[in-house]
2 protein chains.
Amino acid sequence: MQKPKIRTMEKLSSEIGVSRPTLSRFFQDPTSVRTSTRARIENALQTVDYVPNFFATKMNRKSSGLIGVIVPHLNDLFFSGLIEAIETSALAADYMVITQNSHNDPALEAQAARNMIAMGADGVIMAPIGDASSIDALSRLKQERPMVFVDSRLQDHFQDVDFIGTDNQQSIGLIVDYLCRSGEPPAFLAMPNLNSNNLEREQAYTSRMHELGHEPMVIPRSTNGETLGFEEYAYRLMDAYFSHGNLVDQTILCANDRLAIGVIRAANRHSLFGTAGKDPSRFRVAGHDDYPLSAFVFPSLTTVTQNTQAIAEAATGQLLRHIRREDRIEDAVSLTFDAELRLRDSA
Amino acid sequence: MQKPKIRTMEKLSSEIGVSRPTLSRFFQDPTSVRTSTRARIENALQTVDYVPNFFATKMNRKSSGLIGVIVPHLNDLFFSGLIEAIETSALAADYMVITQNSHNDPALEAQAARNMIAMGADGVIMAPIGDASSIDALSRLKQERPMVFVDSRLQDHFQDVDFIGTDNQQSIGLIVDYLCRSGEPPAFLAMPNLNSNNLEREQAYTSRMHELGHEPMVIPRSTNGETLGFEEYAYRLMDAYFSHGNLVDQTILCANDRLAIGVIRAANRHSLFGTAGKDPSRFRVAGHDDYPLSAFVFPSLTTVTQNTQAIAEAATGQLLRHIRREDRIEDAVSLTFDAELRLRDSA
DNA sequence: TCTAATATTTTACGCGTGTTAAGAATGGGA
DNA sequence: TCCCATTCTTAACACGCGTAAAATATTAGA
């Protein structure tokens, strides 16, 4: 059960009786050696413990076979789902994924970008923190490696970087239309932090409301919510409103489902969805993203989908295309996926 | 804005006018060089783009400064929270974290274990898949690197590996006691997959029920739920029961909160929590873990906490202790954290 | 059996940095 | 000014494997 451990390819080659370069080729592609030799090597590997040194294999090579993924944080099922889907796609193309978490800290994000350069990642898929991101570090990364933004994108210096995400104009338009034709026009609850999604969604809401002849109403941000989870932020904010009897007959469209989940909790606390013997108010909530748990809250959340799977696959595909051909002359691609309505019980 | 790019330490040294070994020492510890030289180097680095090659730095070194984390999947806020907390702890100790996702696939888990050896990780924190895990690959890892299990542990060959997690005996006892004294004794809903937590919690439930003089009742597993999310699995299973009028007056204790969230949805669908003009049934649900969203479902979920933060910190600390001193003679540690009741509205 | 094609081995160098030892330079204090 | 302790430079080797070119062995085909 305790197989002898071989630490270098050199020793392994003398052990098996095959030259080291042959072993090297075997590990890169077993079919590149004669079948009889392959059998000999594979047999020997059964009786011995050997793992090629990861760093040494990447040293003197043009391609590292690594794809980097940088996300602003992990405590969000959208990002964890995105990573899983990227990993699956990348694995299918024989790439290994290295994930770095920014922890919402621009300094860590910059460090992550440096790590990607240092590890010779063939390309990087990045969901940036937002307007706090380090322009310097990311510009550096951009000009050293093929790169693709997902979920949210950066302005100004990054217009030449591909983007894969949701068409907020379309998705917000869809849900605003629905809410307006099925009841009162909605107010809008934005995220506490700033990124392109938040801005785009708020703008999409405002312009769509104007088009429909309604006056938009954006609920003022709370100033001290940066550190809270979205649910908690929305819960506290709305609980304060409801406690004063404000917004209790409103329809509220949230910039994402996690906010909506917090709003629903606050609404339940104030019995806005009705209780036995009391008339239900006209309160409604809708979200955006189709967060995995949105179907499980009560009332289940009406929202628009965000196709994580498709975004991840498209991002990986687009990045691999960049990696394979060297020409970066073409214009930046902006690939957005249309959302679909998920009508449930909250609106 | 476009700084010249230096690709090797060699060129950087001739650029600055400092020898390469001095630079090498500077990058490992800036205080190890004279203040005047440090200033010179730091100044030069402002005007130049240079990032040390990650692989080369790790090549000829005893310690890689890397800590590996292997999780069975990412689509779970418990694991994503665990990873974030481990990253924070490790960062504070100047370690970099490499995360590998098993995707619930024993082959991928085995590959992840090999990768940790290949990358010379100083130690590995592992949340195993469960009884499907590859004994071979993990034994190999265990005897090559310091290792710590979190969340769930493996049996038989891994009794000598430290474990950090929740004391299921205590936590399940706590919630069973509460449920029994506040209403009907609970039935138990287990997870569809097999790991030590699942087994321990079921056993803890059974034995505690016996101690209290009640007959335990474990709801039979559904056979085809391995691929579903916990929520969906529980929802479908319980929806089937409720549709036939079964278990509608029960109290159900779930092996984890995600199951409970699915149960709550099914119960809502069948109005088991009461509706206007109808008597509420005596249906109750409780969970285990205090999943981040458990407070936001309706009715909010009564559960017992699992201290992710503490588990992560203890695991990192324990691993670092192993890494620092070489003696592995001592007995394996089993560090479990007590749970606390979180009484909310579902039971 | 012989030749050509293919596969493998030998040999040698390269990747970028860690690390060591010996000698040279520097700085501070007496 | 001189001496000693630091700090630095120089030179060299190490890490484990990729890679290329030339030499050699093997195999297939006639």
Side-chain angles (χ1 to χ4, degrees), chain A residues 5-42 44-45 48-66 94 96 114-122 144, chain B residues 5-42 44-45 48-66 96 114-115 117-122 144:
Chain A
K5 297 187 190 89
I6 310 280
R7 303 231 160 259
T8 77
M9 215 180 254
E10 198 75 53
K11 287 177 193 157
L12 181 64
S13 79
S14 66
E15 191 81 12
I16 306 187
V18 174
S19 77
R20 189 180 66 72
T22 303
L23 280 180
S24 176
R25 283 172 45 213
F26 168 83
F27 281 112
Q28 291 174 57
D29 176 14
T31 70
S32 69
V33 301
R34 199 187 303 157
T35 356
S36 60
T37 349
R38 170 148 50 126
R40 195 143 63 103
I41 297 175
E42 280 168 347
L45 285 179
V48 160
D49 267 349
Y50 169 73
V51 177
N53 181 302
F54 185 81
F55 303 131
T57 60
K58 307 291 181 194
M59 274 286 294
N60 188 19
R61 233 181 196 175
K62 53 247 130 255
S63 163
S64 64
L66 260 35
D94 275 323
M96 177 170 166
R114 274 189 294 271
N115 287 341
M116 291 307 167
I117 297 177
M119 303 188 28
D122 290 336
E144 295 246 5
Chain B
K5 299 187 189 89
I6 310 280
R7 303 230 159 260
T8 77
M9 212 181 252
E10 199 75 55
K11 287 177 192 158
L12 182 65
S13 80
S14 67
E15 191 81 12
I16 305 187
V18 175
S19 77
R20 190 179 66 73
T22 304
L23 281 180
S24 176
R25 284 174 44 211
F26 168 83
F27 281 112
Q28 291 174 59
D29 176 13
T31 70
S32 68
V33 302
R34 198 188 300 154
T35 354
S36 59
T37 22
R38 168 147 52 126
R40 195 145 62 103
I41 297 175
E42 280 168 345
L45 284 178
V48 160
D49 267 348
Y50 169 72
V51 178
N53 181 302
F54 186 82
F55 303 131
T57 61
K58 308 292 182 193
M59 275 285 293
N60 189 18
R61 235 181 193 171
K62 52 249 125 246
S63 163
S64 63
L66 261 33
M96 176 170 167
R114 274 188 295 270
N115 286 341
I117 297 176
M119 303 187 28
D122 291 336
E144 294 246 4

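Note that these values count all heavy atoms, side chains included, but never hydrogens, waters or copies made by symmetry. The chains referred to below are lettered A, B, ... by the order of the sequence lines, with proteins before strands, and numbering in each begins at 1.
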Roughly how many Å is it from [atom1] in [X] to [atom2] in [N], rounded to a whole number?
X        : N      : atom1 : atom2 : value
A:Lys62  : D:dG18 : NZ    : C1'   : 7 Å
B:Met9   : C:dT17 : CE    : P     : 5 Å
A:Asn53  : D:dG18 : CG    : C1'   : 13 Å
A:Phe26  : C:dT9  : CZ    : P     : 13 Å
B:Ile117 : D:dG16 : CD1   : P     : 15 Å
A:Ile16  : C:dT8  : CD1   : P     : 14 Å
B:Glu10  : C:dG14 : CD    : C1'   : 13 Å
A:Arg61  : D:dC15 : CZ    : C1'   : 17 Å

**OP:** Remember a base hit wins even if backbone is also touched, and classify B:Ser24 as base, sugar-phosphate or nothing at under 4.0 Å, heavy atoms.
**Re:** base
Original post:
Can you tell me if the side-chain N/O atoms of A:Gln28 get under 4.0 Å from OP1 or OP2 in D:dC17?
Top reply: no
Original post:
Phosphate oxygens OP1/OP2 of D:dG16: is one of them under 4.0 Å from a side-chain N or O of A:Tyr50?
Top reply: no
Original post:
With sequence neighbours excluded, what pairs up with B:Asp122 under the side-chain contact (heavy atoms from CB on, under 4.5 Å) test?
Top reply: B:Ser63, B:Ser64, B:Tyr95, B:Ile323
Considering residues at least two apart in sequence or located in another chain, which fulfil the side chain to side chain donor-acceptor pair (under 3.5 Å) criterion with [X]?
X       : result
A:Thr35 : none
B:Thr37 : none
B:Ser19 : B:Thr22
A:Arg7  : B:Glu144

Original post:
For every nucleotide of nucleotides 7-13 of chain D, 5' to 3': is a protein heavy atom under 4.0 Å from its base (B), only from its sugar-phosphate (S), or from neither (-)?
Top reply: SSBBBB-
**OP:** Using the salt bridge (Lys or Arg N to Asp or Glu O under 4.0 Å) rule, collect all pairs that involve residues 15-39 of chain B, keeping only residues at least two apart or in two chains.
**Re:** B:Glu10-B:Arg20
Original post:
For the helix from C:dT1-D:dA30 to C:dA30-D:dT1, what is the angle between the axes at its two ends, each from 5 pairs, rounded to 10°?
Top reply: 10°
Original post:
What side chain to side chain donor-acceptor pair (under 3.5 Å) pairs are there with at least one residue in residues 50-62 of chain B, not counting sequence neighbours?
Top reply: B:Gln28-B:Arg61
Subject >> CD1-OG distance between A:Ile6 and A:Ser13, expressed to the nearest 0.5 angstrom >> reply: 10.0 Å
Original post:
Can you tell me how far the CD1 atom of B:Ile16 sits from the CD1 atom of B:Ile41, to the nearest 0.5 Å?
Top reply: 6.0 Å
